[in-house]
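Scroll down for the structure; my scribbles are underneath it.
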Number of protein chains: 2
Amino acid sequence: MPDDTGARTTVTQRAIDEIKTRIAMGELAPGQRLPTERDLAADLGLSRSSMREAIRALTVMGVLEARHGAGIYVTQLKPGDLLDTFGVVAEISRGDTLLHLVQVRKILEPAAAAAAAARIDEEGLIRLRAEMTAMERGTTAEEIVGHDLEFHRIITEAAGNPVLAAILGGLNSRTFRARVWRGYREEGVFPRTFREHDEIYRSLIERDPDGARIATAVHIGAVEEWARRQKDDEE
Amino acid sequence: MPDDTGARTTVTQRAIDEIKTRIAMGELAPGQRLPTERDLAADLGLSRSSMREAIRALTVMGVLEARHGAGIYVTQLKPGDLLDTFGVVAEISRGDTLLHLVQVRKILEPAAAAAAAARIDEEGLIRLRAEMTAMERGTTAEEIVGHDLEFHRIITEAAGNPVLAAILGGLNSRTFRARVWRGYREEGVFPRTFREHDEIYRSLIERDPDGARIATAVHIGAVEEWARRQKDDEE
DNA sequence: GGACGGTAAGTGGTCGTACCAATTTCTCAA
DNA sequence: TTGAGAAATTGGTACGACCACTTACCGTCC
């Protein structure tokens, strides 16, 4: 029995692929506005309900953006747009996967820091310093986590690779970071964190890529240890 | 003016967050079956249409899986499940982003190869060898790309970190790889690729992490060069 | 004539119902 | 006991109606 060409799939999936292809082919440019849901549905030959599901899927992928009352637009297709789903992994994972996430970060972030050492500008260094003092003065866990997060974000941004920054952004989701800090609370490791941040900061000032790489590896090594213990506790 | 608590968002988004939270909290375990779309909609207090969109979103994220006629299930929540959207970036990107993607791969894959050198088993080495010869004998581009892809996949799997493997899997989407090879066609760089693969392979046999790391970095450096030229051509 | 404000048109978001298609479960006969 | 077919279950699709937010238009007032 010959297979009907393009049959064994749902209409919604076909619509998703169609739009995605049009974007990949350049027929739909970043920022461009798409036709109405109703028109799109008519053009692709499916109901508005199904079309909406396709749009929802593409929205989650970070390819499209729907603005209530205004229309549907192609995103800028920046890595950050396409990779923000990434954070879900960090939110949901635990045990082994948590450890694996940190280990990937341990590979990427030192490399990012090394690149940042050669590229970060004066303003970036000032903002880093500000985050460090703000974090030290912070009182609530919420606050401290925020500054910690921002410290690392500035460095990864300075590395000049948006894909790298987006991935590390996902690995460092807020909920994940909060969990780590919660676990630390009782052990009083805050001073060590401050010292490690300072170590990284100084390497950046001195434009010392290898120093930044090593300091960052050490810093994340501590988190890795935590994840390892966390995993053991679950068993 | 007091803000209505939990108001300024769509019902669908609320449903997405609700389900996601239930999974993160462990109320919904991997592989578990969920209630009917109709029941879920009733429980969460929204229409079936909106509920379906929420489910579609979670499906794209790799958190849920809907089987026609059978029901809705939580996936195994393996990194591979949650990260297969990752490939979209590689499919759609071009120019600068293409270069950035390769650069991230240049950071991750050498590390993966180094880890694999210490962990890969006899069977893995045999499969690697098989892919190498199959690739050398390949005639169509399709075929060669397939074996090339598989060669790298085996190594990243052997590294023992599913998150790492999933990310690299996304970075190495088939369509992306095909584009690279298409660009190479005229230059006759096949021999060099074979030689580089062999270099990596021998380092793995010798259980030489640093050798594997370096050989892989060199190999991907070549791809980076291609991406750089590709980017320049677009301008 | 130009700025302002309100109204109407456009468009995504939600709802409800009906029906189709794949799967699972049940039933009954061989 | 077993196996084939019927029935119930459940996700997939299609309409049609209405709501909520944006944008654009148009008339009024300064």
Side-chain angles (χ1 to χ4, degrees), chain A residues 1 3-20 22-23 28 30-76 81, chain B residues 1 3-20 22-23 28 30-76 81:
Chain A
M1 206 57 50
D3 50 5
D4 302 66
T5 56
R8 211 41 87 190
T9 180
T10 68
V11 277
T12 303
Q13 189 57 46
R14 279 224 317 258
I16 293 174
D17 292 338
E18 174 64 24
I19 303 281
K20 208 161 60 177
R22 286 187 190 178
I23 291 175
L28 291 174
Q32 184 175 337
R33 177 171 179 180
L34 273 68
T36 313
E37 291 182 347
R38 295 161 172 90
D39 291 347
L40 270 176
D43 284 358
L44 300 183
L46 39 69
S47 73
R48 193 184 159 206
S49 326
S50 301
M51 190 65 233
R52 273 189 60 81
E53 279 194 40
I55 294 171
R56 167 71 62 177
L58 291 162
T59 298
V60 171
M61 293 181 202
V63 172
L64 296 185
E65 183 191 3
R67 292 203 276 266
H68 193 171
I72 307 167
Y73 297 81
V74 180
T75 67
Q76 290 305 317
D81 297 326
Chain B
M1 205 56 50
D3 50 5
D4 303 68
T5 56
R8 211 41 88 191
T9 181
T10 67
V11 278
T12 304
Q13 190 56 47
R14 279 224 317 257
I16 294 173
D17 293 337
E18 174 63 26
I19 303 282
K20 210 161 58 177
R22 287 188 189 177
I23 291 175
L28 292 173
Q32 182 175 338
R33 176 171 180 180
L34 274 66
T36 312
E37 290 182 348
R38 295 162 172 90
D39 290 347
L40 270 177
D43 284 359
L44 300 183
L46 38 68
S47 73
R48 193 184 158 204
S49 323
S50 301
M51 190 65 231
R52 272 189 61 81
E53 278 193 41
I55 294 171
R56 167 71 64 175
L58 291 162
T59 298
V60 171
M61 295 182 202
V63 172
L64 296 184
E65 183 190 5
R67 292 205 277 268
H68 193 171
I72 307 166
Y73 297 80
V74 180
T75 66
Q76 289 305 316
D81 297 325

* Asked: Do A/Leu64 and A/Ile23 touch side chain to side chain, with heavy atoms closer than 4.5 Å?
  -> yes
* Structure fact -> Rounded to whole Å, the CD-C1' distance (B/Glu37 to C/dA22) equals 13 Å
* **Sidechain-backbone polar pair: A/Thr75 side chain, A/Gly62 backbone, donor-acceptor under 3.5 Å** => yes
* Asked: Do the side chains of A/Arg33 and A/Ile72 get nearer than 4.5 Å, heavy atoms only?
  -> no
* To do: Write down the distance between CG (B/Leu40) and C1' (D/dT9), rounded to a whole number of angstrom.
  => 15 Å
* B/Ile55: which of B/Glu37, B/Glu65, B/Arg48 passes side chain to side chain contact (heavy atoms under 4.5 Å, CB included) -> B/Glu37
* Okay, side chain of B/Ser50, backbone of B/Leu46: is any donor-acceptor separation there less than 3.5 Å? -> no
* Excluding sequence neighbours, so at least two apart, what forms side-chain contact (heavy atoms from CB on, under 4.5 Å) with A/Ser49? -> A/Ser47
* Heavy-atom donor-acceptor pair, A/Thr10 side chain to A/Gln13 backbone, under 3.5 Å -> yes
* Close residues, residues 52-72 of chain B, relative to DNA chain C [heavy-atom separation under 4.0 Å] -> B/His68, B/Gly69, B/Ala70
* C/dG13 P sits how many Å from A/Met51 CE, rounded? -> 12 Å
* Asked: Does the side chain of A/Ile16 reach to within under 4.5 Å of the side chain of B/Arg56, using non-hydrogen atoms?
  -> yes
Kindly give the atom pairs (protein nitrogen or oxygen, nucleotide nitrogen or oxygen) under 3.5 Å for nucleotides 14-17 of chain D.
unit_1	atom_1	unit_2	atom_2	d
D/dA14	OP2	A/Ser47	N	2.9
D/dA14	OP2	A/Ser47	OG	3.3
D/dA14	OP2	A/Ser50	OG	3.3
D/dA14	N7	A/Ser49	OG	3.4
D/dC15	N4	A/Ser49	OG	2.8

